[in-house]
Structures are given as structure tokens and as C-alpha cells.
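Read through the structure below, which is laid out as C-alpha cells, and then see the notes.
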2 protein chains.
Amino acid sequence: MGRKRTKPGKIRLAEVARLAGVSPITASRFFRTPEALSVAKRVRVESAAKELGYVPNLAARALASQRTEVIGVLIPSLTNNVFADVLRGIYDALDGSRYSIQLANTRYSILQEEKLLRLFLAQKPAGLIVTGIDQTAESRSIMESADCPIVQIMEIGSNPIDMMIGFSHYEAGRAAISHLLAQGFGRIGFLGARMDPRVQRRFEGYQATLKQAALLDPRLVVTTTLPSSVKIGGALLADLLSKAPDVDAVFCANDDVALGVLFECQRRRIAVPDQLAIVGFNDLEFMEATVPTLTSVRTNRYEMGRDAAVMLVESIEGRRPQEPIVDLGFKVMERQSSWPRGS
Amino acid sequence: MGRKRTKPGKIRLAEVARLAGVSPITASRFFRTPEALSVAKRVRVESAAKELGYVPNLAARALASQRTEVIGVLIPSLTNNVFADVLRGIYDALDGSRYSIQLANTRYSILQEEKLLRLFLAQKPAGLIVTGIDQTAESRSIMESADCPIVQIMEIGSNPIDMMIGFSHYEAGRAAISHLLAQGFGRIGFLGARMDPRVQRRFEGYQATLKQAALLDPRLVVTTTLPSSVKIGGALLADLLSKAPDVDAVFCANDDVALGVLFECQRRRIAVPDQLAIVGFNDLEFMEATVPTLTSVRTNRYEMGRDAAVMLVESIEGRRPQEPIVDLGFKVMERQSSWPRGS
DNA sequence: CCTTCGCGTGGTAGCGCTGTCAATATTGGC
DNA sequence: GCCAATATTGACAGCGCTACCACGCGAAGG
């Protein structure tokens, strides 16, 4: 019958309470709502906990309170630099807080995302950060009925599940093309890898802007579903040049691709920007170190992660932000690779 | 007195057991040691669980069993591509397994690492993956008394805490320099950023090899504690050229730095490799896409993460690997940037 | 002086699961 | 056909913490 599992060396909350001369529940409150204790007891419990080296048992806490202090984070890729920055923002914001992070990788699959969502929500996280706005209908309904705050990151749209922080990839795509048009380029190609929903929307911005200028030409578009990489950038450019040798500028949906394009130009002795202008996307660190420096659309990835985490925590703790949708914007960083023709 | 907290909609193990017509403990065993059940009951419990959509409560399981199925991972940086690959290996290996990952970032601080170690171990993880072999004495003793398997990754050394997987950065540094010597270069510089312990050991390999060849010259060494980046690569080269204009090759402790060096060469119209050879480290994806292609030391990062996770799981489940130290080696990828002089 | 209020504190009873060990079915050996 | 050995199953009592409620007390109000 039963067992004697209690290890003698184990320091439990009860021991702390005993040493402090209070009831266990009072000691418990010290760790959750210290302001509810009288100053005297607060000090007593604090020193007792310190003396015993007490560390709360999170499993017991989770079981008793029916919730955890875990924030689930779903991102599509661990390799993509873009998400590394977002993650850094999230980790920095949550560093030193009571919350811990549970990270999972959807591999750009909304079905995988749905599966992970079920897995996460079953453990009652304190909050959730998910990437993008293209969840399955099923995922949406799971999240809508979840009883924790949720922040969608990377993009903004019109109907958030709960909260949202990001920017419009469509408008960013438009801005990139408007910049090239303003610089005097007219045969503007599009090179896209992966073609995930966000790349698609940049592409839509590209299309809309060129259509408006009556300069849209499907022969100028080369895409692949392969992941973006420097190498693929070279291949995409090679493909584009064979289809449309008169192209005078390319908008690359990723900076990796833009870097690959730059090297392909070097390989083929195509002058940048005189023969071909290049615009990338995300403004990764290397874009201002290349020769020539590469124009790119800067996105605030670190801030996105950081602010998403802050919004989430505020919301968890009952201080819901006024505005559920935060537009972090973007900025076209104009560099040498898109200098006006013949300047 | 007490409370009625039991939500009616909640599906617990007891419900599954009732529907399956078995005792709760038998249902419990189905999820842990299904082979211990008779086939008939196994089927009954399985279909009952499916019908009810039962999801185990991990907090309760952790509390009752006094252990978790969480694998803690401590890495120094979220930004560095190198760790992204390692992480991908870990996540891939653990995908679909019962284990979940708890990731934390030490920011290259062994004190921060010690703090995180305490935090992690207090929650009784199933296993731990830590980066490198340079823990504090305190950290080491904490880990040695932990009752879970631990894998140190990225490097190998002589006295593992438990298990180890990586390669010798010292030997890798030696190999890079031996390659340059073999190609006929003699004034070989070293450019290092961050100067974390692993970079230090590559540097030691550099020094030892050049000393042996009587070609070591402290003026050829330029380092910074700033994080590695493409931009810093250019700055380091500029610094090196001002101190030692006769340098004919550089070994960059990171590929980012190597890329920055390449661009700085383009900026200064220094021919690579005719005037300056370049060798990088890690063999990131872009190294074979540059113009000229860049020589680098390939390290098996994905495999390192993957195999570390596999070793850990095997060990957790009682199948300790024969050999606690796994050397994954490295390979000098010889490319255009280190072609022999005048070839 | 008594009532009302709210603060600070404590008692009790679980949260949902599993370790231990005993009890029962099943098998094989002679 | 009987007994020991093995395979299955179940009862019980927690794991360490917190939700709920109750209670005592001093201050404010009448």
C-alpha cells in the first residue's frame, strides 16, 4: 500500500514554511503574490527560502494551478536568419521573467503547425506566439477557443486571432518596386525562393506596382519552392537572364538570394547596378558590407520578437494592450546596388 | 473545505480507463510500457483514448513520476548560424519522440551558463546538452551530481562530464594552416572575432603550426571580442593590412569574417587568391557560391546536433553508447580562394 | 459601543498521474 | 492433475503545490 517516496534531502515549500514559522499557504503566496503578505512574514519567508535553497517544483505548481508559465513559440524554420533575430528578441524579452519558452518548428507546413498547436495547447501554456496569418481553419478555431493570449508575428492582417505584430509584406514589396521605378529601372525581375505566404505577398506587391506602371511581364518572374540560399540566388538569376536578357533590375524576395545574384553578376561580369540593379529583402547584416553595397528592405525582426513577448506577458498578466494590431513597418535601405542608371 | 475544481469536460486517464473497462493504472501503463499489457487491453485502451481524444497531463505525470521528458539545451548564441544548424539537428532527432526541448541562451557567459544549469536541473530534465568544455568548476560539479545524462557538444576534450560529441578545434586550425602552407603561402594572418574558447583553440592550432614552420609573426594576428560579422571581417582585414602589408593569406576563424574579408579585397582591388588567399571556418552555405569560391573548414554541425540528441535519448533509455566521446572530424574544403600562388 | 469592511492568514482537499507491492490469471513442467 | 513460475492487473497512497473558503483582527462608520 502506497510508498515511502519522500526523499529526506528534498526541500519543499512546507519546509520553508516551517522554518519561517508560517503556514505553507502563506509561503506559497510569497512566491506568487508577495504584495499580499505583511512585510514581516515576507522577510521571514524570503530568508527561510534562501537559507534552504528552495526551488519551487514547477510540475506541482502546474498541476495544482491548472496552468503553466510556458510560452509556446511556433516558427517555420530554425535555419532562416530572419527567425533567429525574432527568437533573440523573444528570449531577450523573457529573460529573467517567470516565463519559459517552448519552441517548435513547423517547417513551413500548416498541417505540422496544427499538430503542434494541439500539442502545445493541451499543456495549457500561459501564452502563444505563432508565425504568420495563414493558419488552417482548424488551427484558427483551436486557437480561438484556447484560453490564453496569442500573438501572431511577422505579418499583419485584418482579423487577428488575438493580437498581431508585424508589417505588410505586400506594402514592403510595393515599396521595393516603387524605389526601383523611381530610380529609373523599367524591366524589373522578381526572384523568389521558398514561396511561403509572406514571399507570396511581397510578390503580389511587386505585381501590383508594376501592373500599375504597365511594366508587368511574366517572363521577368522566376521562382522556386526550394529554400532560399545564396546558391539558389545564382541559379535563379541564370534562369531569369536566359528568359529575359533585357532585365535591368531584380527584386529578390530574400537577402540570401540577393547575395547569390550579386556573385552571379560578378561571375558573368555584369556590372551592378549599371547593367543590373539588385534589391533584397530583410536587410541582413551583410547587405551593407558587400561590394557594391546592396539595397534591401529593412524589417524590424528583433523588435518584433521582443514586442511580441512583451505584449503577450502584459496580456497574460491582465494588462491587455490598447491596440491588438501593431505595425512595425519597414524601410527601404537605399544602397549602391540600386543607384540610378548612369549616375 | 476543499473545492469542486473538476471540470466536467476534462478528459482524464480515469475516463479512458472507464471506457476501456480497465483500471486507471492499466491505462497509464498503456502510455508508458504498452508491451506489458495483453493485446486485448492494449487495443481497448488505445481505441478508448482515441475516442475521447485523451491527451496526458504532463504536469501530473512529472509530479507523480518525479521526472520530466524535457531535454535542456544550452547554447551560447541564437544568432550564430553555426548553432542554428546544431539546433536543427537536435530538433529533427527529437521530432516525434516523447521528449521536448527546453532551449536557453548563455550569451557566451559561463556564469550565465551556471545560472541556467541550476535552473534546468532543479526541474529534473531527462537529459542535458551543453555547449563546449569550458564550464566553471561549479557548473561541472553541479552537472556531475545531476542524475541525468549530459552531452557536451561542439568540441571534444579529454575528460567529459558524461558524453561528448564534436571535433578538435585545435586540429582544425592546424589543418587550415597546413593547407595554406602546402599551397605555398608563408605570411599567413589570423583574423578572429568573439574569441570564445573554440576560436581560441583554432588560434592555438594556427600558432602551433606556424611556429613549427618558423613562420609565426604576432603582427599577423588581429582579433576582436566583438561578435563575428561580415562587416567586422572587413575591419579586421583593414587593420591587418596596415600592420602587415606583406600578408599573403588569412585564416578567418569564422566564415562571416571570411566573407567580409573577400568584400574588403574587392573594395581595395586585392586579387584573391593571387594577392591574398582566404580560408574561412565552418563552411557555411554561401562559401561555395562566392566569387572566387572560398576555402573553408567544414564542420558537421547538423550531424553533431542530431547525434547528440540520439546519444542522449539512448542513454536516458538505458542504452548507454559504447564510446562516450565521439569525434565527428572536419574537412578542409579546398576552393579557389586558396589556390596556389601563381597557378 | 457595536457593526461593517477588508486585510492578512490558515485549513482542507484536491490537481491527474504513477511507484510500490499485492493479487490474480496464465503457462509450463513433472 | 498439481504446483511453481511467470505474465497481467489492480489498490492504495501520495508527488508538492495551490484554489477555495473561513476566520480573526483592527479600522472606519454610525
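Here is how names work: the chains are called A, B, and so on, in the same order as the sequence lines, proteins then strands, and each is numbered from 1.
- Taking the side chain of B:Y54 as heavy atoms from C-beta on, and the options D:dG16, D:dA19, C:dC17, the nearest nucleotide is C:dC17.
- Following rounding to the nearest Å, A:E69 (CD) and D:dT18 (C1') show an atom-to-atom distance of 12 Å.
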Tabulate protein N/O versus nucleotide N/O from nucleotides 23-28 of chain D, keeping only pairs under 3.5 Å, one per line.
none

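- Residues that satisfy the salt bridge (charged side-chain N to carboxylate O under 4.0 Å, His left out) test with A:R67, not counting sequence neighbours, are absent from this structure.
- Of the charged side-chain nitrogens involved, none lies within less than 4.0 Å of a carboxylate oxygen, so that A:E314 and A:R320 do not count as a salt-bridged pair.
- Within the structure, no pair that satisfies the ring pair (Phe, Tyr, Trp, His ring centres under 6.0 Å) test touches residues 79-108 of chain A, not counting sequence neighbours.
- Residue pairs satisfying the ring pair (Phe, Tyr, Trp, His ring centres under 6.0 Å) criterion with at least one member in residues 116-143 of chain B, sequence neighbours excluded, are absent.
- The bend of the helix from C:dC1-D:dG30 to C:dC30-D:dG1, defined by the angle between the axes of its first five and last five pairs, stands at 30° to the nearest 10°.
- Proximity of residues 18-49 of chain A to DNA chain D (heavy atom under 4.0 angstrom from any strand atom) is restricted to A:I25, A:S28, A:R32.
- Distances shorter than 4.0 Å separate none of the side-chain N or O atoms of A:Q66 from OP1 or OP2 on C:dG14.
- Between the P atom of D:dG16 and the CG atom of A:L52 lies a distance of 15 Å, rounded to the nearest Å.
- B:R67 has a side-chain polar atom (N or O) that falls below the 4.0 Å cut-off from OP1 or OP2 of C:dG19.
- Among pairs with a residue in residues 23-79 of chain A, those fulfilling ring pair (Phe, Tyr, Trp, His ring centres under 6.0 Å) read A:F31-A:Y54, at least two apart in sequence or across chains.
- Under the rule for a salt bridge (charged side-chain N to carboxylate O under 4.0 Å, His left out), B:D327 has no partner lying at least two apart in sequence or in another chain.
- Each salt bridge (charged side-chain N to carboxylate O under 4.0 Å, His left out) pair with one or both residues in residues 32-51 of chain B, not counting sequence neighbours, would appear here, but there are none.
- Every residue two or more places apart in sequence or in another chain was checked for a salt bridge (charged side-chain N to carboxylate O under 4.0 Å, His left out) with B:R29, and none qualifies.
- As a whole-Å value, the separation of A:K124 NZ from C:dC17 P is 10 Å.
- Put simply, CG on B:L63 is 11 Å from P on C:dT18, counting in whole angstrom units.
- With sequence neighbours excluded, no residue forms a salt bridge (charged side-chain N to carboxylate O under 4.0 Å, His left out) with A:D307.
- In this structure, CD1 of B:I11 is placed 13 Å from C1' of C:dG16, rounded to the nearest angstrom.
- At whole-Å resolution of the value, CG in A:N57 and P in C:dC15 are 18 Å apart.
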Side chains of residues 125-137 of chain B: which donor-acceptor partners sit under 3.5 Å, not counting sequence neighbours?
| unit_1 | atom_1 | unit_2 | atom_2 | d |
| --- | --- | --- | --- | --- |
| B:T131 | OG1 | B:L74 | O | 2.7 |
| B:D134 | OD1 | B:R201 | NH2 | 3.4 |
| B:D134 | OD2 | B:R201 | NH2 | 2.5 |
| B:Q135 | OE1 | B:Q152 | NE2 | 3.3 |
| B:Q135 | NE2 | B:T131 | O | 3.4 |
| B:Q135 | NE2 | B:G132 | O | 3.0 |
| B:T136 | OG1 | B:E114 | OE1 | 2.8 |
| B:T136 | OG1 | B:S139 | N | 2.9 |
| B:T136 | OG1 | B:S139 | OG | 2.8 |

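- Side-chain contact check for B:S23 and B:T26: at least one donor-acceptor pair (N or O, by modelled atom type) lies under 3.5 Å.
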